[in-house]
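Letters go in sequence order (proteins before strands), and every chain restarts at 1. Side-chain atoms are counted along with the backbone in the values below, which use heavy atoms only and exclude waters and symmetry mates.
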Number of protein chains: 2
Amino acid sequence: MVDQPDFHAPLYEVKANLFKGLAHPVRIRVLELLAESPQVSVADLIAGTGQEASNLSQHLSVLRRHHLVLAERRGLQVFYRLAYPQVADLLTVARSLLTEVLTTTQKNLELSMALPNGSASAEDRP
Amino acid sequence: MVDQPDFHAPLYEVKANLFKGLAHPVRIRVLELLAESPQVSVADLIAGTGQEASNLSQHLSVLRRHHLVLAERRGLQVFYRLAYPQVADLLTVARSLLTEVLTTTQKNLELSMALPNGSASAEDRP
DNA sequence: TCATTAATTTAGGATTTCATCATATAACAA
DNA sequence: TTGTTATATGATGAAATCCTAAATTAATGA
């Protein structure tokens with residue numbers, strides 16, 4: 001049987017599911033390594049992430065299930081690559097967003113140091 | 001105290017954490033509603049998502065904690081908006097990726113119907 | 001060909017963690 | 001006080017992670 005995504009689930013569920021597939025540091029690390037090089041062997045991913053083989057393999061399986069990566073066996077080794085360029089885009093946008101968040105939070109922090117009155121609270125609760 | 005993100009966590013952990021904040025259908029729904037209109041009141045978000053107020057409020061709190069949205073009280077109502085344009089970008093890229101996944105999976109499905117030999121397996125395992 | 005070694009994946013299980021959702025209560029503005 | 005939104009609490013269940021061990025697959029050499 002060919003593994004098909006949920007064609008009938010509402011799009012926002014599918015989308016949430018996609019993000020669930022990305023929601024682990026090891027998997028992010030793997031995707032970043034794959035975004036740098038067009039192909040990476042499992043051995044190199046083990047080295048790059050510092051994970052045990054079986055642990056990494058399960059994360060790779062998650063990534064495969066979400067259609068984020070493709071695997072190809074060549075001899076003894078299996079090589080992984082990103083399944084679509086949009087996967088790398090996702091990481092790029094995420095980094096850009098986090099940079100913004102960090103710098104503006106940094107700024108707010110400096111501001112609140114300069115004007116030490118309780119201007120902002122725990123999570124900018126209104 | 002101003003709520004500051006984890007400045008010292010490795011970036012891939014922060015990134016994974018960001019995706020964790022996005023990994024729920026209700027929150028995706030909320031962000032999509034906010035991407036459509038520059039401002040939405042909680043009442044409208046309740047209507048738009050079909051969630052109970054307290055439930056939605058907790059999801060909003062998650063989104064705030066991740067710095068994805070901003071809240072502003074105006075009289076009785078609280079209005080939410082996206083904290084950064086990159087949040088909308090993230091959704092856009094996600095949709096683009098999912099579209100690709102669905103169409104290529106669709107194609108593979110048709111292919112496997114036309115050539116009914118076991119060409120591909122459960123998750124394109126090598 | 002058979003046995004051996006290497007690389008990767010799967011099975012099964014224990015643990016933890018996390019997440020969600022409802023009820024009830026609080027805070028806040030008009 | 002009334003209406004609107006937020007938090008606390010707690011129960012529940014789900015599920016994600018990570019380990020050990022075993023299985024699969026491919027290359028190599030006797």
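Nearer the 5' end of DNA chain D, as judged by each residue's closest nucleotide, is the contact made by B:I46, out of B:I46 and A:R27.
Contact check, A:Y80 against C:dA7: no side-chain N or O comes under 4.0 Å of OP1 or OP2. Phosphate contact (OP1/OP2 of C:dT20, side-chain N/O of B:H24, threshold under 4.0 Å): present. Applying the 4.0 Å criterion to OP1 and OP2 of D:dT7, one finds that B:H59 has every side-chain N and O outside that range. Phosphate proximity of C:dT10 to A:R64: present, with a side-chain N or O under 4.0 Å from OP1 or OP2.
Side-chain contact between B:L60 and B:L45 is present, with at least one heavy-atom pair separated by less than 4.5 Å. Using a 4.5 Å heavy-atom threshold, the side chains of A:Q39 and A:Y80 count as separate.
For the atom pair A:Q86 CD and A:L18 CG, the distance stands at 11.0 Å (nearest 0.5 Å).
Between B:R29 atom CZ and C:dT20 atom P there is a gap of 17 Å when expressed in whole angstrom units. With rounding to whole Å, B:E52 atom CD is found 12 Å from C:dA24 atom P. When the C1' atom of C:dA24 is taken as reference, atom CD of B:Q58 falls 12 Å away, rounded to whole Å. One can place CD of B:E72 at 13 Å from P of D:dA6, the figure rounded to the nearest angstrom. Atom C1' of nucleotide C:dA7 and atom CZ of A:R74 are separated by 15 Å, given to the nearest angstrom. C:dA6 atom P lies 14 Å from atom CD of A:Q77, rounded to whole Å. Between A:H66 atom NE2 and D:dA15 atom C1' the separation is 12 Å, expressed in whole Å. Taking atom CG on B:N55 and atom C1' on C:dA24, their separation rounds to 15 Å, with Å as the unit.
Ring geometry for A:F19 versus B:F19: interplanar angle under 30°, hence parallel rather than tilted (30 to 60°).
A rotation axis mapping the C1' atoms of four pairs onto the next four is fitted at both ends of the helix from C:dT1-D:dA30 to C:dT17-D:dA14 over five pairs, and the angle between these axes is 20° to 10 degrees.
Here the side chain of A:T103 pairs a donor or acceptor atom with the backbone of A:E100 at under 3.5 angstrom. Checked by atom type and distance alone, the side chain of B:H66 never pairs as donor or acceptor with a backbone atom of B:L68 at under 3.5 Å.
Distances were taken from every side-chain heavy atom of A:R73 (C-beta onward) to each of D:dT7, D:dT25, C:dA29; the shortest belongs to D:dT25.
A donor and an acceptor atom sit less than 3.5 Å apart, one in the side chain of B:S54 and one in the base of C:dT23.
Residue contacts shown for B:A53 are absent, as no nucleic acid heavy atom lies under 4.0 Å away.
With a 6.0 Å cutoff to the six-membered ring centre and a 45° limit on the axis angle, A:R74 counts as a cation-pi contact of A:F79.
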